[in-house]
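This one's a predicted model, so the numbers in the text were calculated from it and none came from an experiment. All values below were derived from every heavy atom in this structure, side-chain atoms included, with hydrogens, water molecules and symmetry-related copies excluded.
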Amino acid sequence: MGIRDIRAVLFDMDGTLVDSDAAVERAWTVWSGEYDVPAADVLAIAHGSPAESTVVRMRPDLSAADQAAAAARQLELQYDDLSDVTATPGAVEVLGVLDRLGLPWAVVTSADNRLAKVRLAAARVSPPVLVTVEDISRGKPDPEGYLHAAELLGVPPQQCLVVEDAAVGLAAGRAAGAVTAGLKGLEADIRLTDLHQLADLISSARTEGAGSDDLTAG
């Protein structure tokens with residue numbers, strides 16, 4: 001399948017559309033100190049995963065209730081830490097291209113509703129469809145979030161492009177049957193340096209009739 005055959009684009013939020021990496025790392029670092037686990041170990045697995053999944057892996061000794069409280073604490077640390085949250089390079093451009101071409105798009109994130117909305121607002125990104133961890137029963141790497149987004153957009157997942165910057169997210173996209181695009185050097189159907197490149201690929205494929213060779217670009 002070529003880029004011109006894609007009928008919808010499903011974006012991850014943190015690190016993909018929204019540059020929030022510093023805020024995420026600050027929150028997990030503080031949380032690590034409070035819960036007596038090495039920050040480096042937490043940061044090695046936390047990106048792209050629901051907070052509760054990371055908590056369970058790092059503190060399996062806690063009761064289910066205490067794990068839920070620990071996950072809530074981690075999210076609490078992030079809600080108001082928005083000073084340096086912004087759109088990633090190329091985000092505004094690629095969303096403009098999608099809107100111009102009439103291609104539907106959605107955001108699928110491991111954040112909860114409150115965090116997703118404040119981060120997206122800080123980055124001035126307004127998704128027509130937003131799927132958060134509260135909308136599903138299983139988070140990434142399970143494909144449920146991406147499958148749900150595709151259903152809401154009315155597009156078969158096989159005709160969706162999943163754009164991610166985390167291995168767990170790409171695994172979710174693959175499991176959903178979607179075409180995948182990976183940032184930060186990650187292996188995917190399309191390897192991207194940034195979203196400027198994705199904007200160029202989609203625009204040129206649609207306006208110039210580029211073929212399936214575009215799929216391997218990057």
Side-chain angles (χ1 to χ4, degrees), residues 3 6-24 27 47-51 75-136 139-140 143-157 159-166 169-170 172-173 176 178-184 190 192 194-203 205-207:
I3 284 282
I6 293 297
R7 292 178 51 203
V9 181
L10 312 179
F11 294 95
D12 170 53
M13 183 179 74
D14 291 314
T16 299
L17 278 182
V18 177
D19 184 355
S20 54
D21 289 358
V24 171
H47 189 64
S49 298
L75 290 171
E76 180 183 329
L77 290 167
Q78 299 187 63
Y79 290 142
D80 298 321
D81 188 356
L82 302 170
S83 61
D84 54 359
V85 172
T86 187
T88 55
V92 173
E93 181 184 358
V94 73
L95 297 181
V97 167
L98 295 178
D99 289 343
R100 175 172 58 82
L101 295 174
L103 284 175
W105 59 279
V107 170
V108 180
T109 176
S110 294
D112 67 359
N113 288 335
R114 178 180 171 184
L115 182 58
K117 288 178 179 178
V118 296
R119 283 226 175 112
L120 288 165
R124 299 186 178 184
V125 172
S126 301
V129 170
L130 172 63
V131 176
T132 75
V133 72
E134 294 182 60
D135 298 313
I136 56 177
K140 302 172 186 179
E144 183 181 355
Y146 283 120
L147 291 171
H148 185 48
E151 181 181 13
L152 291 174
L153 293 177
V155 177
Q159 293 180 299
C160 291
L161 177 67
V162 165
V163 187
E164 274 276 0
D165 76 316
L170 287 170
V179 179
T180 57
L183 294 157
K184 300 179 180 177
I190 306 170
L192 299 171
D194 56 31
L195 294 182
H196 292 297
Q197 183 186 12
L198 180 60
D200 289 343
L201 286 172
I202 294 173
S203 183
R206 289 297 177 123
T207 60

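The distance from atom CD1 of Ile6 to atom CD1 of Ile202, rounded to the nearest 0.5 Å, is 8.5 Å. For the atom pair Leu170 CG and Asp12 CG, the distance stands at 9.0 Å (nearest 0.5 Å). Summarising the geometry, atom CD belonging to Glu134 is positioned 10.0 Å from atom CG belonging to Leu115; distances are rounded to the nearest 0.5 Å. The distance from atom OG1 of Thr180 to atom CG of Leu161, rounded to the nearest 0.5 Å, is 7.5 Å. The CG atom of Asp165 sits 11.0 Å away from the CE atom of Met13 when rounded to the nearest 0.5 Å.
Across every non-hydrogen atom of Val162 and Ala178, the tightest pair is CG2-CB, 3.7 Å. Heavy atoms only, all atoms of each residue included: Thr16 and Leu195 are closest at O-CD1, 3.2 Å. Pairing each heavy atom of Pro127 with each of Val107, the nearest pair is CB-CG2, 3.7 Å. Among all heavy-atom pairs drawn from Asp21 and Gly15, the shortest one is OD1-CA, 3.6 Å. Contact between Pro143 and Ala176 at its shortest, heavy atoms only, is CB-N, 3.5 Å. Nearest approach of Thr132 to Ala116, heavy atoms of both residues: CG2-CB, 4.0 Å.
For Glu144, the salt bridge (charged side-chain N to carboxylate O under 4.0 Å, His left out) criterion is met by Arg138, not counting sequence neighbours. With sequence neighbours left out, Asp19 forms a side chain to side chain donor-acceptor pair (under 3.5 Å) with no residue at all. Residues passing the salt bridge (charged side-chain N to carboxylate O under 4.0 Å, His left out) test with Asp135, sequence neighbours excluded: none.
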Contacts under 3.5 angstrom, residues 90-104 side chains, donor-acceptor by atom type, not counting sequence neighbours:
unit_1 : atom_1 : unit_2 : atom_2 : d
Glu93  : OE1    : His196 : ND1    : 2.5
Asp99  : OD1    : Trp105 : NE1    : 3.3
Arg100 : NH2    : Ser203 : OG     : 3.1

Listing, residues 146-154 side-chain donor-acceptor contacts under 3.5 Å, not counting sequence neighbours, or none:
unit_1 : atom_1 : unit_2 : atom_2 : d
Tyr146 : OH     : Glu164 : OE2    : 2.6

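A heavy-atom distance below 4.5 Å is found between the side chains of Lys117 and Leu130.
Looking only at distances, a side-chain donor or acceptor of Asp194 sits under 3.5 Å from a matching main-chain atom of Gln197. When atom types are taken as modelled, the side chain of Lys140 and the backbone of Val108 share a donor-acceptor pair closer than 3.5 angstrom.
The side-chain hydrogen bond (donor to acceptor under 3.5 Å, both in side chains) analysis of residues 82-91, with sequence neighbours excluded, yields the pairs Arg26-Asp84.
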